[in-house]
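Sequence positions, counted from 1, serve as the residue numbers for this chain. Only a predicted model underlies this, so the values are computations on that prediction, with no experimental measurement involved.
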Amino acid sequence: MKKHILEVPFLEQMPELPRGCEVTSLSMLLQHAGINVDKMQLAEDIIKVPFFKNDLNGHLNDGFVGDMYSFETDGLGVYLPPIQKLAESYLPQRILPLSGCKIDDIFKSMMEGYPVWVITNDTFDLLDADQFQTWNTRLGELKITYRMHSVVVVGFDKNDIYVHDPLYHKPARAISRERFEKAWIQMGRQALTYR
């Protein structure tokens, strides 16, 4: 299987958005779709929820939890539903959620010319149980990890997946396909692309 890598704009989240991997990755995806929107605009637009309020932590499906702009205050990240809603505001009727899909659906999307936004972790490998904690949220208990991360999958070959990692210094970072798949599944198979 020969290497297949898409031409996708590459953006780094630092220094402006220490916790802004999800919106930075979304910005790369939207720019690939021809939408001229930067990470700072998306950071402003994303729904936000308090880190902790009324004895409950914020839920990652409700919005970005806590502070995206600084490590000085509490913050974590955001899951697919608020990202999908934000993406649809820029590409109405063109966002395709792939959550719960198989890894082959991600490869298929790239073969059709579309990069894929995903939630993974910053090790791109299976995390030990001690890397997770349980939060009480308005929707009940939620297992979270501070290792959560978001990247754009831009390519693959026989052994590796290539990602635009907004915490990395250059595009198309190679990650073992096997390790990547384990991490992505552990984080709930969250993914989206566009058409």
Applying the side-chain hydrogen bond (donor to acceptor under 3.5 Å, both in side chains) criterion to R147, which one of D122, N121, D125, T123 satisfies it? D122
Is there a donor-acceptor pair under 3.5 Å between the side chain of T145 and the backbone N or O of Q131? yes
Given the options E12, Q13, E16, K39 meets side-chain hydrogen bond (donor to acceptor under 3.5 Å, both in side chains) only with E16
Counting C-beta onward and ignoring hydrogens, is there a side-chain heavy-atom pair between E22 and M68 closer than 4.5 Å? no
Min side-chain heavy-atom separation V151-Y168 under 4.5 Å: no
Answer yes or no: is there a side-chain heavy-atom contact under 4.5 Å between I161 and F124? no
Given side chains that start at C-beta, do those of V65 and N57 come closer than 4.5 Å, heavy atoms only? no
Between the CG atom in L26 and the OH atom in Y90, the distance rounded to the nearest 0.5 Å is 9.0 Å
The single option from R94, H32, Q93, E88 that satisfies side-chain hydrogen bond (donor to acceptor under 3.5 Å, both in side chains) with Y194 is H32
Measure from the ring center of W135 to the ring center of F52 and say whether it is less than 6.0 Å. no
hydrophobic_cluster_shared for W184 and V116, side chain cutoff 4.5 Å: yes
Decide yes or no for H59 and V49: does some side-chain heavy atom of the first lie under 4.5 Å from some side-chain heavy atom of the second? no
